[in-house]
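Some notes on the structure that comes next.
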Amino acid sequence: MTKAYQSIDVPFEYRHTCWFCGEPYFESYAFMPSPNYEQQTAPVLLPCCEECYGFCHGVKVSGLDLLRDKVKEKLHRKYEKHLQIGANWTQEELAASEFEGKALEGFRESAWTMFEIAKARVNYSGWPLTIDGLPVVGLTARFQIEFDGIVYTSLAHAIEQLAKAYAIPQSYLAQVVEVVGRQRLAYAIRFAKSTGGYSEAEREASIRSLQHLVAEEAALDTAHPEASAGVAVALDDIQPLIIARIQVMPQAIHWALKHGITTLHQLSAQEEAFFEDFMPESELVAFTYFNGLQVYFEKRESDPHWAAHQDPNRDLFAKINRLPG
């Protein structure tokens, strides 16, 4: 007699656990692929919590990994407000907040816990699937992407959720990511946040400007020397500039000199370090400084005569160039 179903192997330590999110077990869902490309003959039983069990119903996909991703996406959408807590607060900021009133005080006390529970559920990877000791083949997580400690099922899913979290027009964030690449998602969000509130025409101009900057970086991404050790310069000795209506702040130039950075390529390599140093002031300040510095280095590289004779800070950068190699 043929078995009516197949049960996945459940390790002892997971015997009362939902495979999708790690919550306590409620019921097993009988998964049958649709369309059934592999000609599976019997449903596979997957242990679920009550919520994920409900999410599974009505989902028609051809594989267990696709079912997993659909369930994860539903968890993301249901608990997006909880997950957004981590995007807008740190645990320390919540603890130090001065909310008044019972409702707000309750939020301060419980918000981080709600965030951590939601994060743990969407990030939960389950255990490797086997049936009668044989691995279930064809499962993949290669399309997943992690940002700021949270796992998304795909780049499109990440853009959808992050656009909501940071109040960015979704289509605009998708355009920015397409220009800079998925590996620079953090930069894409910072750029889109600072420019997404503009008019449609201004956003289009911002995209064109970004495309130009990325093209310049790509052209320079050859055998460039690493940044030098840098030079110590007083902030008052640095002259501010306005290039193409973009203000270049002395604080940003001071950071570049201190770190021995003189080119767009070197700045791109130190992007994360730059934002780590300036984010405490504010995200907008950090991005404004970085954007101005990009424009500044682009000007210096595209117009060597200006860099050598008209840049008011040329003598300061010359100190880096004179450092012993």
Between [atom1] on residue [X] and [atom2] on residue [Y], distance to nearest 0.5 Å:
| X | Y | atom1 | atom2 | value |
| --- | --- | --- | --- | --- |
| Glu80 | Leu75 | CD | CG | 12.0 Å |
| Ser154 | Lys72 | OG | NZ | 14.0 Å |
| Tyr296 | Lys299 | OH | NZ | 11.5 Å |
| Gln144 | Asn123 | CD | CG | 9.0 Å |
| Arg203 | Glu200 | CZ | CD | 6.5 Å |
| Leu129 | Leu139 | CG | CG | 5.5 Å |

Whether [X] side chain and [Y] backbone form a donor-acceptor pair below 3.5 Å:
| X | Y | answer |
| --- | --- | --- |
| Gln39 | Asn36 | yes |
| Gln266 | Thr262 | yes |
| Ser206 | Glu202 | yes |
| Asn88 | Gln84 | yes |
| Glu301 | Leu264 | yes |

How close do [X] and [Y] get, counting heavy atoms only, and between which atoms?
| X | Y | result |
| --- | --- | --- |
| Thr130 | Pro135 | CG2-CA, 3.8 Å |
| Tyr25 | Thr17 | CB-N, 3.8 Å |
| Leu173 | Ala163 | CD2-N, 3.9 Å |
| Gln40 | Ala42 | NE2-O, 2.8 Å |
| Ile85 | Ala111 | CD1-O, 3.5 Å |
| Gly86 | Asp148 | O-OD2, 4.4 Å |

Name the atoms and distances for all side-chain donor-acceptor pairs under 3.5 Å in residues 232-257, with sequence neighbours left out.
residue, atom, partner, partner atom, Å
His254, NE2, Val233, O, 2.9
Trp255, NE1, Asp277, OD2, 2.6

Using atom types as modelled, flag every donor-acceptor pair under 3.5 Å from a side chain in residues 182-190 to any protein atom, sequence neighbours excluded.
residue, atom, partner, partner atom, Å
Arg184, NH1, Glu217, OE1, 2.9
Arg184, NH2, Glu271, OE1, 2.9
Tyr187, OH, Gln294, OE1, 3.2
Arg190, NH2, Glu271, OE2, 3.0

Side chains of [X] and [Y]: does their closest heavy-atom pair fall under 4.5 Å?
| X | Y | result |
| --- | --- | --- |
| Thr288 | Phe278 | no |
| Val151 | Val122 | no |
| Phe191 | Val179 | no |
| Pro33 | Val44 | no |
| Glu73 | Gln161 | no |
| Arg300 | Phe317 | yes |

**Study point:** Steps toward side chain to side chain contact (heavy atoms under 4.5 Å, CB included) verdict (Trp306, Asp311)
**Key:** CA-CA 6 Å; Trp306 180 88; Asp311 180 359; 3.6 Å; yes
With hydrophobic residues grouped by side-chain heavy-atom distances under 4.5 Å, do [X] and [Y] end up in a single group?
| X | Y | answer |
| --- | --- | --- |
| Trp127 | Leu67 | yes |
| Val295 | Tyr198 | no |
| Tyr29 | Met32 | no |
| Leu213 | Tyr172 | no |
| Leu66 | Ile131 | yes |

Point to revise | Verdict with supporting geometry, Glu160 and His76, side chain to side chain donor-acceptor pair (under 3.5 Å) | key: CA-CA 10 Å; Glu160 173 197 332; His76 266 276; over 6 Å; no
Practice item. Assess whether atom NZ of Lys164 is packed by more than 12 heavy atoms of other residues, nucleotides or ligands within 6.0 Å. Key: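 Yes.
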Exercise for review: Kindly check if the number of other-residue, nucleotide or ligand heavy atoms within 6.0 Å of CD (Glu93) is above 12?
Suggested key: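 Yes, the 6.0 Å shell around CD holds more than 12 heavy atoms from other groups.
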Review point. Hey, what's the ring geometry for Phe275 with Phe290, parallel, tilted or perpendicular (30° and 60° as the breaks)?
Key: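 Answer is tilted, since the angle falls between 30° and 60°.
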Check your understanding: side chain to side chain contact (heavy atoms under 4.5 Å, CB included) between Phe143 and Asp69: does it pass, once the steps are laid out?
Key -> CA-CA 10 Å; Phe143 298 112; Asp69 289 350; 5.9 Å; no
Identify every side-chain donor-acceptor pair in residues 48-65 under 3.5 Å, counting partners at least two apart or on other chains, and give the distances.
residue, atom, partner, partner atom, Å
Glu51, OE1, Tyr79, OH, 2.9
Glu51, OE1, Arg121, NH1, 2.8
Glu51, OE1, Arg121, NH2, 3.0
Glu51, OE2, Lys78, NZ, 2.4
Glu51, OE2, Tyr79, OH, 2.8
Asp65, OD2, Thr140, N, 3.3

Check your understanding: Centres of the Tyr124 and Phe20 rings: under 6.0 Å?
Key ->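 Here the rings of Phe20 and Tyr124 have centres that are no less than 6.0 Å from each other.
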Practice item. Step by step, work out the side chain to side chain contact (heavy atoms under 4.5 Å, CB included) result for Ile150 and Phe115. Key: CA-CA 11 Å; Ile150 295 177; Phe115 164 69; 4.0 Å; yes
